[in-house]
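Along the sequence shown, the residues carry numbers beginning at 1.
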Amino acid sequence: MTIPGLDEQTRALVLANLRRLGGDELAPAATLRWDAADAPPVELLRRLLGPAIGLHLVFLPPEHGGLGAGARDVALVAEELARYDLGVATAFLGLAISANPMRAGGTPAQRERWLGAMAARGLLAALAVTEPEGGSNVAALATTATPVVADGQPPAYRLDGTKQFVSNGGLADLYLVLAQAPGGPSFFIVEAGTPGLKVQPREAKHGLRSSATAPIVLEDAVVPADQLLGGVEGQGLAQANAVFAHSRLMVAAFGLGAGEAALGRAVAYSQDRQQGGKPLCRLKGFTHKLLIPHVVRLEAARGYVAELAQRLDAGETDLDVEGAAAKLFATEAGSAAADAAVQAHGGYGYLRDFVVEKIRRDVRVTTIYEGTSELQQAGLYLARFRTMLRTKGGFYREAAARVRPLGPAVAADLVADTAEALGHAVWTLHQAKISREQHVMFELADRIAEVEHALAFCRHAANAAAPLQAACRLFAAEAARAVAVSAVRVMAASRAGEPELTALAHALKTDALLATRYGSDEDKEQVLGWVLAAGWPG
């Protein structure tokens with residue numbers, strides 16, 4: 001089977017050009033200037049979309065003039081862009097998540113017309129889904145699409161409603177608007193300048209100030225019926241769901257890239273800044289709190305993102321649950337890493353002159369847009385519980401059996417034991433009617449994401465260099481302890497009796513999970529040496 005995507009030479013060229021661009025057009029002085037002005041770099045975006053650079057072609061299919069990048073390529077480009085500026089990266093997220101439903105659900109004529117125009121003319125696109133009262137619930141639609149039939153005129157639809165948090169709002173040439181048609185939720189392609197389409201003033205945001213985010217209002221905005229995506233009403237949610245794994249993978253890569261950028265600056269700062277006659281990087285109170293744990297979690301995210309991208313490129317479908325896990329874990333890890341980077345800089349990290357302060361504000365939105373972390377938690381827990389029901393509890397047992405042979409270098413036995421313990425904990429808490437509480441679902445979803453990342457980390461690091469394997473062992477120990485603590489804590493909080501708590505602890509082998517010798521101080525020193533010597537993240 002031919003795996004879609006760029007060949008190695010083209011991928012390397014794209015990333016090299018992006019790094020050159022990052023060192024010039026997206027240098028810290030420029031990104032801090034855009035942030036201070038609270039304005040998107042419109043001229044730069046148009047250059048990026050122009051024929052000389054054509055960065056948008058990465059996100060478009062070859063049959064319509066794009067480069068035909070695969071999921072792996074898009075993730076690498078997204079990660080690289082996010083290292084420089086998340087606002088600029090978000091402009092391309094808007095383009096990609098608008099193009100993807102067109103690819104998945106557009107008619108041949110629509111794909112030829114609109115995707116071809118996006119490639120040839122560098123059109124900037126925006127997805128208009130979220131509504132003021134709906135939040136992340138895309139099914140809570142108030143925007144309407146009413147069929148219009150007039151004598152002597154082609155059939156059309158009249159759109160009415162308000163869309164909130166539209167990335168590229170006011171800059172976009174095309175808007176992909178989700179509206180409630182008589183036949184159900186449907187996407188419509190609306191060109192900028194359409195009478196009745198009104199862009200409101202840009203939002204004053206906490207971060208991501210180089211991204212144009214604005215509400216749009218549709219009042220009697222009439223669009224031809226041939227701009228109903230797919231030509232059939234009621235396909236909008238299916239068209240959106242078909243690309244969730246891809247869009248969430250892209251946002252996961254944003255969290256990874258921004259977290260790396262912030263933590264990389266903290267690593268560099270720690271090598272120069274002295275305290276008590278020693279550089280900060282030689283003080284374990286600093287390195288073992290503010291650097292190593294976040295390096296480990298970002299590396300776990302990297303392994304999972306790479307594996308999910310590979311599965312998408314191999315043609316697997318129905319990976320929206322894995323997309324949710326990737327987005328949840330990587331964006332929370334990136335946000336935590338940026339927070340640690342601010343702390344690592346001390347008072348300087350709180351100053352606008354230092355890039356880590358900006359990254360910390362910017363990366364926070366990755367846990368919100370494209371579905372909040374809480375939305376991912378709810379969906380992840382329910383989906384995995386249904387899978388456990390369908391497999392009669394075999395899902396995590398089988399995952400454990402597959403990873404166990406990878407051996408002690410990646411703590412495979414501990415990860416396998418943790419996966420089995422997680423499955424037993426989820427089932428036990430369900431039987432006790434404890435996991436029906438939403439906050440419990442959220443906590444268990446975090447454990448699910450961590451365990452599945454630990455499984456992927458094992459596979460990713462099995463043949464890797466020793467420092468990455470040390471990071472894998474550290475993460476395995478972290479995941480094991482988190483599962484043991486969460487399960488017993490949740491059971492105890494429900495006022496379960498001592499016999500139930502003892503039985504659960506025995507079944508989960510919590511003593512072994514808590515007392516594991518994996519993730520030793522030697523492993524931490526090995527990871528630290530790698531980070532300091534290699535100039536992590538490279």
Side-chain angles (χ1 to χ4, degrees), residues 5-35 40-41 43-60 66-96 122 208 210-211 249-269 271 295 298-299 301-303 305-306 309 330 334 337-338 341 354-356 358-359 362-363 366 468 530-538:
L6 306 177
D7 59 66
E8 291 292 339
Q9 184 177 0
T10 303
R11 182 186 302 114
L13 181 62
V14 168
L15 291 173
N17 286 338
L18 188 51
R19 290 182 186 116
R20 281 195 292 271
L21 178 74
D24 183 12
E25 302 268 20
L26 297 170
T31 62
L32 288 173
R33 186 170 62 250
W34 304 330
D35 181 74
E43 292 183 4
L44 172 64
L45 288 174
R46 290 302 174 188
R47 284 202 302 276
L48 295 179
L49 294 162
I53 300 176
L55 185 58
H56 62 297
L57 299 178
V58 171
F59 306 99
L60 299 173
L67 292 176
R72 178 191 177 197
D73 307 315
V74 169
L76 290 172
V77 168
E79 179 186 349
E80 195 65 36
L81 266 175
R83 289 181 179 181
Y84 299 109
D85 188 82
L86 257 174
V88 172
T90 297
F92 286 90
L93 171 68
L95 185 152
L208 212 69
S210 56
S211 171
L249 175 68
M250 192 171 175
V251 179
F254 283 174
L256 176 58
E260 289 169 347
L263 207 61
R265 289 180 174 276
V267 170
Y269 182 81
Q271 293 174 305
V295 168
L298 289 172
E299 288 301 326
R302 185 193 311 284
V305 164
F354 281 69
V355 178
V356 291
K358 173 185 177 295
I359 296 174
D362 286 351
V363 73
T366 65
L468 191 62
W530 167 52
V531 168
L532 296 178
W536 186 91

### Task
Would you indicate whether the side-chain heavy atoms of Leu67 and Phe59 approach each other to under 4.5 Å?
no

### Query
Nearest heavy-atom pair of Ser210 and Gly87: which atoms, and what distance?
OG-CA, 3.2 Å

### Message
So, using side-chain contact (heavy atoms from CB on, under 4.5 Å) as the criterion, who are the partners of Ala69 when residues are at least two apart?
### Response
Leu6, Val58, Asp73, Val74

### Check: Leu48 and Val88 side chains under 4.5 Å, non-hydrogen atoms
yes

### Task
Search all heavy atoms of Asp85 against all heavy atoms of Lys358 and return the closest pair with its distance.
OD1-NZ, 2.7 Å

### Residue pair Asp24, Arg20: steps toward the salt bridge (Lys or Arg N to Asp or Glu O under 4.0 Å) verdict
CA-CA 6 Å; Asp24 183 12; Arg20 281 195 292 271; over 6 Å; no

### Task
For Glu79 and Arg19, run salt bridge (Lys or Arg N to Asp or Glu O under 4.0 Å): C-alpha distance rounded to whole Å, both residues' side-chain angles, the deciding distance at 0.1 Å, then the answer.
CA-CA 11 Å; Glu79 179 186 349; Arg19 290 182 186 116; over 6 Å; no

### Query
Between Leu81 and Leu86, is a side-chain contact (heavy atoms from CB on, under 4.5 Å) present by the stated rule, with each step listed?
CA-CA 7 Å; Leu81 266 175; Leu86 257 174; over 6 Å; no

#### Entry: Test log, rule side-chain contact (heavy atoms from CB on, under 4.5 Å), inputs Phe92 and Val77
CA-CA 10 Å; Phe92 286 90; Val77 168; over 6 Å; no

### Message
Working to the nearest 0.5 angstrom, can you tell me the gap between Phe254 CZ and Glu80 CD?
### Response
12.5 Å

#### Entry: Approximate separation, where rounding is to 0.5 Å, of Thr90 OG1 and Leu93 CG
6.0 Å

#### Entry: Verdict with reasoning, Thr366 to Val363, per side-chain contact (heavy atoms from CB on, under 4.5 Å)
CA-CA 6 Å; Thr366 65; Val363 73; 3.8 Å; yes

### Task
Kindly determine whether Leu95 and Leu49 satisfy side-chain contact (heavy atoms from CB on, under 4.5 Å), including the steps that lead there.
CA-CA 11 Å; Leu95 185 152; Leu49 294 162; 3.9 Å; yes

#### Entry: Partners meeting side-chain hydrogen bond (donor to acceptor under 3.5 Å, both in side chains) with Thr31 (sequence neighbours left out)
none

### Task
Looking only at non-hydrogen atoms, find the nearest pair between Val356 and Ala341 and report the distance.
CG1-CB, 4.1 Å

### Query
Shortest non-hydrogen contact from Ala253 to Ala75?
CB-O, 3.4 Å

#### Entry: Least distance between heavy atoms, Gly23 atom then Tyr84 atom
N-CE2, 4.3 Å

Check: residues 256-267 side-chain donor-acceptor pairs under 3.5 Å, at least two apart:
residue	atom	partner	partner atom	Å
Glu260	OE1	Arg83	NE	2.9
Glu260	OE1	Arg83	NH2	3.0
Glu260	OE2	Arg302	NH1	3.0
Glu260	OE2	Arg302	NH2	2.4

### Task
Please report the shortest heavy-atom distance between Pro41 and Trp34, naming the atom on each side.
CB-CE2, 3.5 Å

